[in-house]
Structures are given as C-alpha cells and as structure tokens.
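Remarks on the structure that follows.
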Protein chains: 2
Amino acid sequence: MSVGMALDEIFPGGTFPANCPSRVVLDHVTSKWGVLVLVALERRTLRWGELRRAVEGISEKMLAQTLKTFEADGLVVREALPVIPPHVEYSLTPLGAELVTLLRPLLLWTLENAETMLGRPLNRP
Amino acid sequence: MSVGMALDEIFPGGTFPANCPSRVVLDHVTSKWGVLVLVALERRTLRWGELRRAVEGISEKMLAQTLKTFEADGLVVREALPVIPPHVEYSLTPLGAELVTLLRPLLLWTLENAETMLGRPLNRP
DNA sequence: CAGAATCCTATACGATACTG
DNA sequence: CAGTATCGTATAGGATTCTG
C-alpha cells in the first residue's frame, strides 16, 4: 500500500467502512488540538510550558489529554528529567515525524486560504 | 507563502495564535466527518444518497451540516437538478480538489499505520 | 514546573419522524 | 430522493483548584 495509491484500490466502491480502526487514528489526529500540537513539535523538543504557550488557547486538561493519546499511539515521547522543579520534554517519534510531514502542508494550506474562504482578514503576528 | 515553507517563518517563535482565522478552517476540515466527506468526493461527483452510503455511519444531520459548511467555505458545490424525484449532486470545487490532494495522503497514512498504532487488526473490505 | 482531580456546561452528534 | 425539524444525550472541552 503506497501513499500515491488511489483510494478505491483500497476501498473498492469508494466506501469507507464504519468499523475500520483507521477511523480511531483519524479521530485522534483530527481532534480539536491534535494537528496544532503535533506540528508545534516539528522543529524541536518542547517542554510542557513551551507547548502550552505555543498552542495558544489550549487548556491544561486538553494538552494533557492530547499528549497522552499521542503517547499511547506512539506519535510522541515524553521524557521526564528527575529534577526539582520538574522538567518534562515532549518530542515526536519517527512515526510522529512522518505524520507531521503530511500535517504541515495542511496547516499551511489553511493559512493560505483562510482569508479567502472566510472573507475576513488573517491575524498575523 | 509556499507549502514547503517552515512554519516559524510564518509564526515567528513557533506560536500558533489563538485568534487566527485559519483555526476556523482547520476546525471545518478536521471536523468529525470532514476528511471522509471530502475524500469521498475526490474521484467523482456523488449524489446525496451515494455520499451517505460512501461514508458509512454518518447521520443525515451531520451529512447535511458538513456539506453546508463546505459549500459556504467554497470547497464543495451543490447542484440540484429540477426533476422529480429530486436529484442532487455534490462535487469538489478547484479549491476543494486542491485540499483533497493533501487529505488523501493523510487518510492513506492512517490506514497504513492504524493497525500498528492501535495494536489490533484492520477491518478491510 | 508539570500536571491530576473536580466540577460544570455547551454543543456536537445521533435517532426519529416528517415533507416537497 | 433529498432533505428539514425536533428532541435527547453523551462527551468533548473549559475553568478552577490542588499537589509532588
């Protein structure tokens, strides 16, 4: 199965089955904060606080939940340094890095087209 | 702004601002049924009923809501033939087709990796 | 600093019934 | 056939407080 493959080679008739496990993974990735958290980690390892500031508006609860899901999925690794005060770093696994390769263009596309699509100006830093 | 561009060239400091309009677009695309509906339309125009069957498990309410959002966003066009019984076709706009170019690889990636990530077998047709 | 635990609410979503 | 309207619920998500 290659990435260039047509979808109906995989799903004959072009039907996406309801009980396909990939739905779960898709739900994780497309969860409210999923894309932003993963892409935020693309450039480098980030600490909890950095990540929280990088993804503006995310609550602590959602950051924790999103990270745990991705950790369980094998997309993100958590490394806690045994120091006081605590120092915890999050980074992408190779699998996560591979996924972000697909997510960054998507994020960039929304940036390029949001203004046109919504008919109002972009808020740029 | 090109697709290959690094994100911190756009968001210096690697911070994703909370009030950026692209968040809205991202929410539409990553809505529960967004990716599946858009990718289902990649190959050809589909009628309401075909679309409903293609995306297994979607309710009529959510199909309607998802399609309306995408229509307003300029990603999908609705064409109603003035016949009885009604015959309505949905297809991608050029903008929508461009977006699906980015979404199909994402969907394929989840298909390839879901089994490994979740530790259980894929349900294939 | 990096969370966990609680509580609370909006709304996303589904099921059902109805219609031109 | 292609929807809309209504209702009900689950749960995603936020705000706040607490802690090692």
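- Rounded to whole angstrom, the span from the CG atom of A:Asp27 across to the P atom of D:dG13 amounts to 10 Å.
- No donor-acceptor pair under 3.5 Å is formed between the side chain of B:Thr66 and the backbone N or O of B:Leu63.
- Summarising the local packing, CD1 of A:Ile84 is surrounded by 12 or fewer heavy atoms from other residues, nucleotides or ligands at distances under 6.0 Å.
- The shortest distance between the side-chain N/O atoms of A:Lys68 and the OP1/OP2 oxygens of C:dG3 is not below 4.0 Å.
- Looking only at side-chain heavy atoms (C-beta outward), A:His28 and A:Phe70 come within less than 4.5 Å of each other.
- OP1 or OP2 of C:dG3 lies within a sub-4.0 Å distance of a side-chain N or O belonging to A:Tyr90.
- Taken over five-pair windows at either terminus, the axes of the helix from C:dC1-D:dG20 to C:dG20-D:dC1 are inclined to one another by 50° (rounded to 10 degrees).
- Within the model, atoms CG of A:Leu95 and CG of B:Asn113 stand 5.0 Å from one another, a figure rounded to the nearest 0.5 Å.
- In this entry the distance linking CD of A:Glu71 with P of C:dG3 reads 9 Å, nearest Å.
- Across residues 42-53 of chain B, B:Arg47, B:Trp48, B:Gly49 each have a non-hydrogen atom less than 4.0 Å from an atom of DNA chain D (numbered order).
- Atom-to-atom, CD of A:Glu60 to C1' of D:dT19 comes out at 12 Å; the value is rounded to the nearest Å.
- Rounding to the nearest 0.5 angstrom, the gap separating the CD atom in A:Glu89 from the CG atom in A:Leu41 is 11.0 Å.
- Contact record, B:Trp109 with A:Glu98: NE1-OE2, 2.9 Å, taken as the closest heavy-atom pair.
- With A:Thr30 as the fixed residue, the side-chain contact (heavy atoms from CB on, under 4.5 Å) test singles out one of B:Val29, B:Thr30, B:Asp27: B:Thr30.
- Salt-bridge formation is detected for the pair B:Glu50/B:Arg44: a Lys NZ or Arg NE/NH1/NH2 atom is positioned less than 4.0 Å from an Asp or Glu carboxylate oxygen.
- Atom CD1 of B:Ile84 is separated from atom C1' of D:dG3 by 14 Å (rounded to the nearest Å).
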- Task: Could you encode protein contacts along nucleotides 9-15 of chain C as a string, one character per nucleotide from 5' to 3', using B for base contact, S for sugar-phosphate-only contact and - for no contact, with a heavy-atom cut-off of under 4.0 Å?
- Result: ----BB-

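- Side-chain contact check for A:Val77 versus A:Glu71: every heavy-atom pair is 4.5 Å or farther apart.
- Aromatic ring pairs are classed by plane angle as parallel below 30°, tilted from 30° to 60° and perpendicular above 60°; the pair B:Phe16 and B:Phe11 is perpendicular.
- The shortest non-hydrogen separation linking B:Leu111 to A:Cys20 is CD2-SG, 3.9 Å.
- With DNA chain D read from its 5' end, the first of the two nearest nucleotides for A:Pro86 and B:Glu89 is the one closest to B:Glu89.
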